[in-house]
Undergrad: 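Questions regarding the structure given below will be posed in turn.
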2 protein chains.
Amino acid sequence: MKNIDSIPKATIERLPLYYRCLDKLLTFENIEVISSKELGGRLGIPSTQVRKDLSYYGEFGRRGVGYDVHDLKKSIGKILGVNKTWPAVLIGAGNLGRALVNYEGFEKMGLKITNVLDVDLDKIGNRIGPITVESMKDLDKVVEEGNINLGIITVPASAAQEVADKLVRAGIKAIWNFAPTRIVVPDEIVVRNEDLAVGIVSLIYHLSWQDKLDA
Amino acid sequence: MKNIDSIPKATIERLPLYYRCLDKLLTFENIEVISSKELGGRLGIPSTQVRKDLSYYGEFGRRGVGYDVHDLKKSIGKILGVNKTWPAVLIGAGNLGRALVNYEGFEKMGLKITNVLDVDLDKIGNRIGPITVESMKDLDKVVEEGNINLGIITVPASAAQEVADKLVRAGIKAIWNFAPTRIVVPDEIVVRNEDLAVGIVSLIYHLSWQDKLDA
DNA sequence: TAGATTGTTAATCGATTAACAATC
DNA sequence: TAGATTGTTAATCGATTAACAATC
């Protein structure tokens, strides 16, 4: 296997797509063997890209035959770490926070939001699905007792940095940030910004250009 | 200006970040002139990247001085198309749909979700903020009367393709797809997949590797 | 064996970064 | 003028795609 740092980020983003597709093949279609061409075809990815992505981690197929769906799913699951369950604490019990807690499909990817925290006294004590919203003051205790490495930020942009600081101090190792602002954390903390406003603007950009060209 | 197709996708993703930062500078910090170094610094982007990104669209700065914050914000707003308001129809009045309707910060980016549709009779008629959930049967009428070019899919994966087909038939030109599945549409339709499960897996991947290396 | 498909090397393509003349 | 900063060209870096030997 290659050094982990030399693997393209884009490859890591495609592995979950392969994983989910294989799961679907296994669960709903009873397909046992698949070629890189067929797997890629279902995802709009060239077969050569599929093979290259997998090659960073080892040899998983049989020449002339293809990949065993069950085996490959298991292998990719191990590579990604989704074969385990990763507990997470979510900060910010607003609409988006509630949506994430109730989102189906995280479980299959190894994510389990176990605790939801907020500073708002009106929200503390409320239930979201099976979870009761706790006070932000309990953060350190929750993270320690739950052995939690993963924090999810769904507070307004103005509060995001403060929450990030608290998560880091509590011992969190990775942060999924939905607040539309950059958060600054120590180098060893992994951050992913899920900036919804950026997503919509790239669509608006294309629409706007069509308009300009039409006119 | 360069041909629109020759501009890197990554550049288009960074423009909204510049735009939002300039807005913040203008609104909260009363800063009138900014250098590419300072603007980039606030976003974790090299100054040379900032200048390169802008250069695809023209010359916006003054050598030896920097960029006028107000002017640059206006220019980027025009480039992105966020100087206008783009009405959108959202399909799927679940948790995520509700969260998006209530999301602050889309308005500043030119997005206005004007209609929410669902097939579920229990949901039709419910209110989400200022919007009343309508029947999916009204899609064609809603799109035509509202002059809507933008559709947002927040239904389960199993229904996403069918919804996409209906949106295309109704005359939608761009689709923001939150369902964790690939949707197939004609070439001229712009699609952006906002696949939340992929986002979390890239974090889990890094956590998992730290674990493996520690052990 | 003939056809199919992998895994990998080499070529291509695209995006970022460095360097610097232009100029405020 | 001296210092600062842009806009752009060239160099570098990284990711994708093409080609093909290996092999089922």
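All chains are named by letter (A, B, ...) in the order of the sequence lines, taking the proteins before the strands, and each is independently numbered beginning at 1.
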Undergrad: Within a 6.0 Å radius of atom CG on A:D187, are there more than 12 heavy atoms belonging to other residues, nucleotides or ligands?
TA: no
Undergrad: When you look at NZ of A:K212, are more than 12 heavy atoms from neighbouring residues, nucleotides or ligands closer to it than 6.0 Å?
TA: yes
Undergrad: Could you grab the distance from atom CG of A:L90 to atom CD1 of A:I113, nearest 0.5 Å is fine?
TA: 5.0 Å
Undergrad: Tell me, yes or no, whether the heavy-atom count around B:R42 atom CZ, taken from other residues, nucleotides or ligands under 6.0 Å, exceeds 12.
TA: yes
Undergrad: How does protein contact run along nucleotides 11-16 of chain D, one letter per nucleotide 5' to 3', with B for base contact, S for sugar-phosphate only, - for none, heavy atoms under 4.0 Å?
TA: ----SS
Undergrad: Within the 4.0 Å limit for protein heavy atoms, which parts of nucleotides 1-7 of chain C are touched? Write it as a string from 5' to 3', B for base, S for sugar-phosphate only, - for none.
TA: ---BBBB
Undergrad: Indicate yes or no for a side-chain donor-acceptor contact from A:S208 to the backbone of A:Y205 under 3.5 Å, with no hydrogens or angles considered.
TA: no
Undergrad: Could you check whether any side-chain N or O of A:S35 sits under 3.5 Å from a backbone N or O of A:V65, counting only pairs where one atom can act as donor and the other as acceptor?
TA: no
Undergrad: At what distance, to the nearest 0.5 angstrom, does CG of B:L139 lie from CG of B:L117?
TA: 6.0 Å
Undergrad: Can you tell me how far apart CG (A:D23) and NE2 (A:H70) are? Round to the nearest 0.5 Å.
TA: 10.5 Å
Undergrad: Would you compute the distance between atom CD of A:E194 and atom CD of B:E194 and round it to the nearest 0.5 angstrom?
TA: 6.0 Å
Undergrad: Does A:L207 offer a backbone N or O that forms a donor-acceptor pair with the side chain of B:W86 under 3.5 Å?
TA: no
Undergrad: Please list every stem that involves DNA chain D, where a stem is a run of 3 or more consecutive Watson-Crick or G-U wobble pairs with both pairing distances under 3.5 Å.
TA: C:3-24 with D:3-24
